[in-house]
Each structure stands twice: as structure tokens, then as C-alpha cells.
Amino acid sequence: MSPRSAPGEVAAKENGTAQTDKDSVTLAFDDNRLLTSLFGEHDQHLALIENRLGVDITPRGNQVALRGTPVARNSARQVLVDLYDRVKQGLEITTGDVDGAIRMSTARPERDERGDVRIRTQRKVITPRSPGQKAYMKAIGTHEMIFGIGPAGTGKTYLAVACAAAALSQGTVERIILSRPAVEAGERLGFLPGDMKEKVDPYLRPLYDALYDVLPSSTVTRGMNDGTIEIAPLAFMRGRTLSSAFIILDEAQNTTPQQMKMFLTRLGEGSRMVVTGDPTQVDLPDGAQSGLKEAMGLLDGVEGIAQVEFTGIDIVRHPLVARIVSAYEKAHR
């Protein structure tokens, strides 16, 4: 067995005990108590890795043998190394985490600094599940303004809200401001019942859902009452300067160029702004130009601004969603 080079790392060697085993790799884990979580109930995690990567995995005590093509073996090895490191840190592993590790392994053949990319909120620790998510999370950590562009189900809004929640908990910002344009297909606010709050809340519901998933409900309620968490339609942003805040504009494809310019220029000292949207799902009236598309062109390459574009491979919501998006893209082409 090869010696471990660092704590938490898995020792691996080529199994050359027989000529017929030249296409296998053996991994040895240093803590048998963690293997139940790593392998999953009834080894379901191993089965998922086998099916997705086309590799055979045989566990024996504190070791697993990987058999398959060099590419399949390397990918499976990287998945198990990443997941084992996660278990050693006391984090749980879900099927989604395994799927995310598989996506990451096929995106890069060698292990990199992925372990340093994570979001720690009061309710959970979130790690990237796709190459696009990893690039997005890195960009949010290094830029003051970030555009996250791509299809539904890629985690654009959810990860931005999680980053905002982490920043608020760590004290790097004093408040969170979440906004959306109140525009939906075929509907107008004036035709909906209720007062203004009741009219706009349905449009902002996805932002509430993301907040409650990464923060305790008591924290969200208290934040909304004392103003540290604000959820408001885009129209309410005019004339404000948003300082020491983590600001998110969701569904930005439904802004006009004038609205987008207005929103982007709200950025104040000590703030970070994330703009998310899907340019293929514009609900503006026919003939109206999307402010998101214009901003992406005008601001491309501007210092301090990052643009991350997600693709179908980054969809983590449900496998069927990826196929639906692919079908629509093919039809449009």
C-alpha cells in the first residue's frame, strides 16, 4: 500500500499482482468507520458511480478495486477521493453529492482545489455539483459583480442566495437584498387580487424558498423584520444606493435596458452584486429588448465583473430537466 501524502488523502496503487489485473486500481481508505457513509446504503453510491462511469467497483475491507478503462478508473478514483474527503470533514453524502462529484470528475481528470470551494451556511455546507457551479462560486468569491447566465435547474439563484446567507452570517455584509422584475408570461400585477405585497409575493416566492433552505426560519423571519433581509420587486430599487450589502437580481432576462442600468448602478461601497437569468426565457412584451442581453455585451471584459455561462451539463435539478432543455435548444437551432 502506498503511504498517504497528506491527511484525508486516499492511498492508491496500480494492482499488478497478475497480468489480467493490469487494468485495475486499488484504493485504500484509512478509516473503516467512514466507509458506510462513503459507499451508501446497500452500496448505492458505488452502484451509481459504476453506472455513470462504466467502471466495476469491488469493495474488500478498507479497500476498493476499480476495473475499467484508464479514463473510467481515473474518474471513479477522483469521485471516491472527493467524497471520502467530504465524509472525513463530518459532512453527509447524498445521491446529489455523488452525482455532483461524478460531473466534476468527468470535467477535469486531475484533482484540483475543489475542496476549497464551498459555501457554509447556518443549515448546511454546499459544494459545487458541476463545472459551471464551481466557476460560479469562485467568481462570486473574487468579483464584486457577477452575471450567472444559463438554463433552469443549474443552481444560479440558489447558490447566489447561499453565498449571500454565508456572507451575512460571517459579517462581511450587513444585509441581503433580493430582487426580481415583476414580469411573468401573460400576466399583469393589476389583475391580481390583494394589496401590493400580496400582488408581488408570488413573483418573489423562489427567493423565499432558497432563503429558507439555507437559513433557519427564525433567522429569516428576524432578518425580514429588522431589515437585514429584504426581498423587493425591481421597481423598488430606483433612487437607492445599496452599501454593505449582498445584492441579487433574479430573472434578469425580464428587465429592460433602462431597468438593468438602473439596477447595476445601485451598487454601493462594500457590496457584492449577482445577476442571474436565462436569455432563452424572456417574458417581456414582443419587440422589447432584454436588458440582460445588452448588459452582457456592454460589460464583457470590464474589470471587476465576471460572467459565468451555464450549459445543459450543469443542470442538477432533475435528469429530465436537462433533456427538456436540450430538446428546446435543438429545436431553436
Side-chain angles (χ1 to χ4, degrees), residues 118-127 133 136-137 139-148 152 154-184 189 192 194-255 259-260 262-277 292 306 308:
R118 62 184 63 240
I119 307 169
R120 189 177 299 276
T121 71
Q122 292 182 29
R123 293 194 64 178
K124 59 179 64 176
V125 175
I126 301 165
T127 54
Q133 287 194 353
Y136 187 51
M137 291 166 64
I140 291 176
T142 56
H143 292 75
E144 294 176 302
M145 184 176 291
I146 305 91
F147 287 82
T154 51
K156 304 183 300 294
T157 302
Y158 182 81
L159 290 176
V161 172
C163 288
L168 183 65
S169 299
Q170 295 164 4
T172 56
V173 297
E174 297 177 358
R175 53 183 174 156
I176 297 173
I177 299 175
L178 311 176
S179 185
R180 262 187 163 203
V183 177
E184 295 295 338
L189 285 175
L192 296 177
D195 58 20
M196 179 56 71
K197 185 180 186 303
E198 293 170 328
K199 288 176 185 289
V200 301
D201 269 359
Y203 296 97
L204 306 174
R205 192 72 252 171
L207 299 177
Y208 287 103
D209 293 342
L211 271 176
Y212 282 110
D213 196 61
V214 298
L215 289 174
S217 58
S218 59
T219 301
V220 177
T221 300
R222 184 170 60 252
M224 289 183 177
N225 289 335
D226 63 20
T228 55
I229 298 177
E230 178 184 351
I231 303 180
L234 175 61
F236 292 8
M237 297 295 109
R238 186 174 296 278
R240 303 177 61 183
T241 298
L242 307 177
S243 302
S244 301
F246 199 113
I247 312 152
I248 300 172
L249 175 61
D250 192 32
E251 297 291 337
Q253 74 273 7
N254 289 327
T255 62
Q259 288 175 324
M260 178 61 77
M262 177 273 292
F263 182 82
L264 297 179
T265 54
R266 300 306 94 199
L267 185 68
E269 290 293 329
S271 290
R272 191 171 304 272
M273 181 177 287
V274 180
V275 178
T276 70
L292 177 61
V308 179

Kindly write out the residues that satisfy side-chain contact (heavy atoms from CB on, under 4.5 Å) with [X], not counting sequence neighbours, or none if the list is empty.
{"X": "Leu168", "answer": "Val173, Ile176, Ile229"}
{"X": "Ser271", "answer": "Ala245, Ile247, Leu267"}
{"X": "Ala162", "answer": "Ile119, Thr121, Ile126, Val214"}
{"X": "Ala235", "answer": "none"}

Would you mind reporting whether [Y] and [X] have side-chain heavy atoms less than 4.5 Å apart?
{"X": "Leu249", "Y": "Met260", "result": "yes"}
{"X": "Leu178", "Y": "Asp250", "result": "no"}
{"X": "Tyr212", "Y": "Thr221", "result": "yes"}
{"X": "Arg272", "Y": "Cys163", "result": "no"}

Measuring from atom [atom1] of [X] to atom [atom2] of [Y], what distance do you get when rounded to the nearest 0.5 angstrom?
{"X": "Glu251", "Y": "Lys156", "atom1": "CD", "atom2": "NZ", "value": "7.5 Å"}
{"X": "Leu207", "Y": "Tyr158", "atom1": "CG", "atom2": "OH", "value": "13.5 Å"}
{"X": "Thr127", "Y": "Met137", "atom1": "OG1", "atom2": "CE", "value": "7.0 Å"}
{"X": "Thr265", "Y": "Met237", "atom1": "OG1", "atom2": "CE", "value": "12.5 Å"}
{"X": "Asp209", "Y": "Thr157", "atom1": "CG", "atom2": "OG1", "value": "11.0 Å"}

Looking only at heavy atoms, what is the nearest atom pair of [X] and [Y], with distance?
{"X": "Arg266", "Y": "Met262", "result": "NE-O, 2.7 Å"}
{"X": "Phe246", "Y": "Ala164", "result": "CD2-CB, 3.4 Å"}
{"X": "Asn254", "Y": "Gln259", "result": "O-OE1, 4.0 Å"}
{"X": "Gly148", "Y": "Tyr136", "result": "CA-CE1, 3.7 Å"}
{"X": "Leu264", "Y": "Met273", "result": "CD2-SD, 3.8 Å"}
{"X": "Val275", "Y": "Ala252", "result": "CG1-CB, 3.4 Å"}

Point to revise | Test side-chain contact (heavy atoms from CB on, under 4.5 Å) applied to Leu211 and Met224, step by step | key: CA-CA 11 Å; Leu211 271 176; Met224 289 183 177; 4.2 Å; yes
Review point. How would you list all residue pairs meeting side chain to side chain donor-acceptor pair (under 3.5 Å) that involve residues 162-179, not counting sequence neighbours?
Key: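 Every side chain to side chain donor-acceptor pair (under 3.5 Å) pair that includes a residue of residues 162-179, provided the two are not neighbours, is Gln122-Ser169.
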**Study point:** Qualifying salt bridge (charged side-chain N to carboxylate O under 4.0 Å, His left out) pairs, either residue in residues 210-229, two or more places apart
**Key:**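 Checked against salt bridge (charged side-chain N to carboxylate O under 4.0 Å, His left out) - neighbours excluded - the pairs reaching residues 210-229 are Lys124-Asp213.
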Exercise for review: Give the intermediate values and the outcome of side-chain contact (heavy atoms from CB on, under 4.5 Å) for residues Phe236 and Ile177.
Suggested key: CA-CA 11 Å; Phe236 292 8; Ile177 299 175; over 6 Å; no
Practice item. Using salt bridge (Lys or Arg N to Asp or Glu O under 4.0 Å) as the criterion, list what pairs up with Glu230, not counting sequence neighbours. Key: Arg240
Review point. Who passes side chain to side chain donor-acceptor pair (under 3.5 Å) against Gln133, sequence neighbours left out?
Key: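 Applying side chain to side chain donor-acceptor pair (under 3.5 Å) to Gln133 gives none.
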